**Q** 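Below is a structure I'd like to ask you about.
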Amino acid sequence: MKNEFAEVWFYNQGWQAHEFQQKCWEALANGESGILNAPTGYGKTFAIWFGVLAQYYAKEAMQEKKNKKKTLHTLWITPLRALSKEIHKATSQVSQDLDLDYEIELRTGDTTVANRQRQRKNPPQALITTPESVHLILATKEGQDYFKHLEFIIIDEWHELLGSKRGVLIELALSRLKAINPNLKIWGISATIGNLEEAKDILLGPGTKGSLIKADIHKKIDIQTVFPDNLEKFPWAGYLGIRLLDKVVDIVNQYKTTLIFTNTRSQAEIWYQQIITYYPEFAGLLAIHHGSLSDEVRTWVEEALHEGRLKAVVCTSSLDLGVDFRPVDCVLQVGSPKGIARFLQRAGRSGHRPDATSIIYYVPTNSLEIIEGDSLKFAVKEKIVESRIPYVRSFDVLIQYLMTLAVGDGFYADDILQEVAQTHCFESITQEEFDQCMALLIHGGSTLQAYDDFHRLVLVDGKYKVTSRKLAMRHRLSIGAIVSDLMMRVKFRSGKYLGSIEESFISKLNIGDVFWFSGRQLELVQIMANDAIVKPSEKKKGVVPSWMGGRFAISPDLGIAIRHSFKSIHKTQGISPEIKFLKPLFKEQESLSALPKEDELLVEYIQTKYGYHLFLYPFEGKLVHEGMAQVLAYRLSLIKPTTFSIATNEYGIELLSETEYPIDEKLLKQLFSPQQLHQDINSGINVQEMARRRFRDIAGIAGLIFQGFPGKQMKSKHLQANAGLFFSVFSEYDPGNLLLREAYDEVFDFQLEEGRMQIAFERISKHKIIFSKPNKLTPFAFPIFADSFRERYSNEDWQSRLEKLKMQLLDG
DNA sequence: GACCTGCTGCGGTTTG
């Protein structure tokens, strides 16, 4: 397949078109839809763009120019504003270079009102935008006309959207756009994930044919584990990795430009501060980048990086995606990357060019974590990658979408139900469920009828519309599926904006307290509304901001790779450097207790001055362990009423009790029975409280609670209280409420990961249990014990807690 | 005797 445009452009870049690109052009010429998958740096984006251009050209679309008629042909959706700007810049350049005179518009939130109106009147051939902006267009009068002439829709980074409610926004928008123009060609661009076929089905709609074009290219990745000088001095617990500071700086010095990825924002701040303190020569050459910093700082860093002015940047996932950092030739990952796909994504940021090798160093933060170096190499070799699990039956998003349509041109309920039922997310929707969503919008459903604000839709000539300007405006203000905590702006007294921190952190500080932020030492001077006013500080002691943010546990697939690594801890030959290095640690574990084999579960029962510890090592990741621990504690307390403090980490569980209780292999076997798991989760875990928390986001997306005007957000406490009210009302008077059920479903699916827990119980029930009673904490046990000092929660009820307090008082 | 965890992403400014 020849593609003149591509040939010219690729030739200028000194590149050659790959086979997958040819295939893509062929598919486009055949009028197909599909998914394009290739490693980063191989020009997926341009492949599609050139293919689309070729189609216009073939149809002599250029002729239209003579008639001065311009219509929107291509809609390009990316999840990132920064990315859309990048694509816009590059494609404008290409069309200019090739003298094609195609018009390309960029529409994201920061376009002005006048700009938007101009775009509406005169749709360009191509529009580059975000999922939220598409819904905003649908929420304007005659917004749908805008898409009438659409021929191609391209969803960039589809794998990123797929696993979130933003993916549902895309599914719903596509269902509408396909109805407006049945000939619409849909293309997704995706990185490698475990379920590409499914990703294709979801994008195109279940049962729709389309091609899946995979690049047959093997990107070379060089993974190096950074070892400490000696194992004895390396901590058994902890997650900072600062102990390897000197080694990291040595590596940074070997390359021109390095990205240092950390797992959390506070960790990034600490690393930045430590490097600058111990290696002052890095001043001006080292930068920091994470999601809480101001746009200004971030853009500066990105540009400086692009121009090769920086030696290194300490960052979080904020640099995972997007912007093309050609000059980066080395990547460091501090701490467990938690997932294989994330690790690959980050590795790919170095050597971002066809045929270049990606170099990534893995920097473990504690002894046991060293083994993940081995696991990651194994996963990459075996091409194990995570799947993205799509959301299903997200009625909050559906309700928002229906409102969007009503605010726009209005809709016919039956037509929309049919369209919606053809998406993957709502494949199983029933008429009754749809009616419930409608009822909530029309009169607030069975519980909220008395409130005017919930009479949102009006039937006009068979079409549902929103007639209240106030409600329409409020809705446009709250389109989207990203819910975040209230952030406070951190500012100098001069007004200079530094970035933002969660309200919950600032509220814990007193005036005069010192903390590190944006790589500076700051003192809190004053709090004004949503602003925290600060001044530079010289005080020695500093607190590092801690942000809320999602807990992220090790992915199931990385878990599999880690369990694979643990298979060879017994071997003495043919083992990786990581396992060889850890041998002394495993020897100690073995002599104190035991080393579990692949089909064995190690359980340790240890007595210390803190009480009786039961340690179990299922290696299932923290999230699953948390749920599992509570189920085990519940089951144990059924046998003998006991209260436990629970602690977990990525590898294992600790159940700590003040009193001794009888335990043996047989009892342990019973504990791991997969029978009745669902019931025991319900009885042993406060699922209701978890659902109540989840419900806040759901209520926000569904538009039950208004999050406030821009710049005047409601306090998170207030929002939580409002959402809590709805939760209680629904629980009591409308237990079948769809949004309420959704909250519970999300708790079971995403928080407790019931599916994974079930599999883990089934797996472990077949394992042989190695029960040991060491006389002190083992290398496996210590990290969990250390964690429990920081965060300790308990399944004990109020009564026994009081009792315990009393005992302590009496003892004292 | 080992311990400073908690990501990312977007959008919108008016009425009583």
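Order of the sequence lines fixes the chain letters, A, B, ..., with proteins taken first and strands second; residue numbering starts at 1 for each chain. Small disclaimer: the values here were computed from a predicted structure and weren't measured.
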**Q** Do any side-chain nitrogens or oxygens of T316(A) fall under 4.0 Å of OP1 or OP2 in dT8(B)?
**A** yes
**Q** For H88(A), run the side chain to side chain contact (heavy atoms under 4.5 Å, CB included) check against T78(A), L83(A), I128(A) and tell me which one passes.
**A** I128(A)
**Q** What is the distance from CD1 of I701(A) to C1' of dG9(B), rounded to the nearest Å?
**A** 13 Å
**Q** Does a side chain donor of either E386(A) or S555(A) reach within less than 3.5 Å of an acceptor in the other side chain?
**A** yes
**Q** Hydrogens and angles aside, do T778(A) and E604(A) bring a side-chain donor and acceptor to less than 3.5 Å of each other?
**A** yes
**Q** Where does dT5(B) land, syn or anti, once you apply the within-90°-of-0 test for syn?
**A** anti
**Q** Select one nucleotide: of dT5(B), dT15(B), dC10(B), the one nearest the side-chain heavy atoms of L80(A).
**A** dC10(B)
**Q** Does dG11(B) have its OP1 or OP2 closer than 4.0 Å to a side-chain nitrogen or oxygen of T130(A)?
**A** yes
**Q** Give me each pair satisfying salt bridge (charged side-chain N to carboxylate O under 4.0 Å, His left out) with a member in residues 128-138 of chain A, each pair once, sequence neighbours excluded.
**A** E132(A)-R166(A)
**Q** With a cut-off of less than 4.0 Å, is there a side-chain N or O of R474(A) near OP1 or OP2 of dT13(B)?
**A** no
**Q** What integer distance in Å separates I784(A):CD1 from dC3(B):C1'?
**A** 13 Å
**Q** Roughly, in whole Å, what's the span from CG in L161(A) to C1' in dG11(B)?
**A** 15 Å
**Q** I'd like to check F780(A) versus W236(A) (side-chain heavy atoms, cut-off strictly below 4.5 Å). Are they in contact?
**A** no
**Q** Does the base of dC7(B) carry an N or O that pairs as donor and acceptor with the side chain of S317(A) under 3.5 Å?
**A** yes
**Q** Looking at R166(A), does any N or O in its side chain come under 4.0 Å of the phosphate oxygens OP1/OP2 on dG9(B)?
**A** no
**Q** Side chain of T264(A), heavy atoms from C-beta onward: which of dA2(B), dC7(B), dT13(B) has the nearest atom to it?
**A** dC7(B)
**Q** Using a 4.0 Å heavy-atom cut-off, does G291(A) contact any base of the nucleic acid, only the sugar-phosphate backbone, or nothing at all?
**A** sugar-phosphate
**Q** So E160(A), base contact, sugar-phosphate only, or nothing? Heavy-atom distance under 4.0 Å.
**A** nothing
**Q** From C-beta outward on R265(A), which listed nucleotide comes closest to its side chain: dG6(B), dA2(B), dC7(B)?
**A** dC7(B)
**Q** Output the residues of residues 131-139 of chain A in contact with DNA chain B, where contact means a heavy atom of the residue under 4.0 Å from an atom of the strand; sort by number or write none.
**A** E132(A), S133(A), L136(A)
**Q** Would you mind reporting whether Y146(A) and V134(A) have side-chain heavy atoms less than 4.5 Å apart?
**A** no
**Q** Would you say R346(A) and S317(A) are linked by a side-chain donor-acceptor pair, where the criterion is simply a distance under 3.5 Å?
**A** yes
**Q** Return the set of residues passing side-chain contact (heavy atoms from CB on, under 4.5 Å) with E590(A) (not counting sequence neighbours), or none when no residue passes.
**A** L595(A)
**Q** For the side chain of K338(A), starting at C-beta, report the closest nucleotide among dG11(B), dT5(B), dC3(B).
**A** dT5(B)
**Q** Check the distance between dT8(B)'s C1' and R388(A)'s CZ and give it to me in whole angstrom.
**A** 11 Å
**Q** NA contact type, T108(A), heavy-atom cut-off 4.0 Å: base, sugar-phosphate, or nothing?
**A** sugar-phosphate
**Q** Can you measure R107(A) atom CZ to dC10(B) atom P for me and round it to whole angstrom units?
**A** 15 Å
**Q** Can you tell me if R469(A) touches the phosphate of dT15(B), counting only side-chain N or O atoms and a distance under 4.0 Å to OP1 or OP2?
**A** yes
**Q** Rounded to the nearest angstrom, tell me the gap between atom CG in L83(A) and atom C1' in dT8(B).
**A** 13 Å
**Q** What is the nucleic acid contact for R346(A), judged by heavy atoms within less than 4.0 Å: base, sugar-phosphate only, or nothing?
**A** nothing
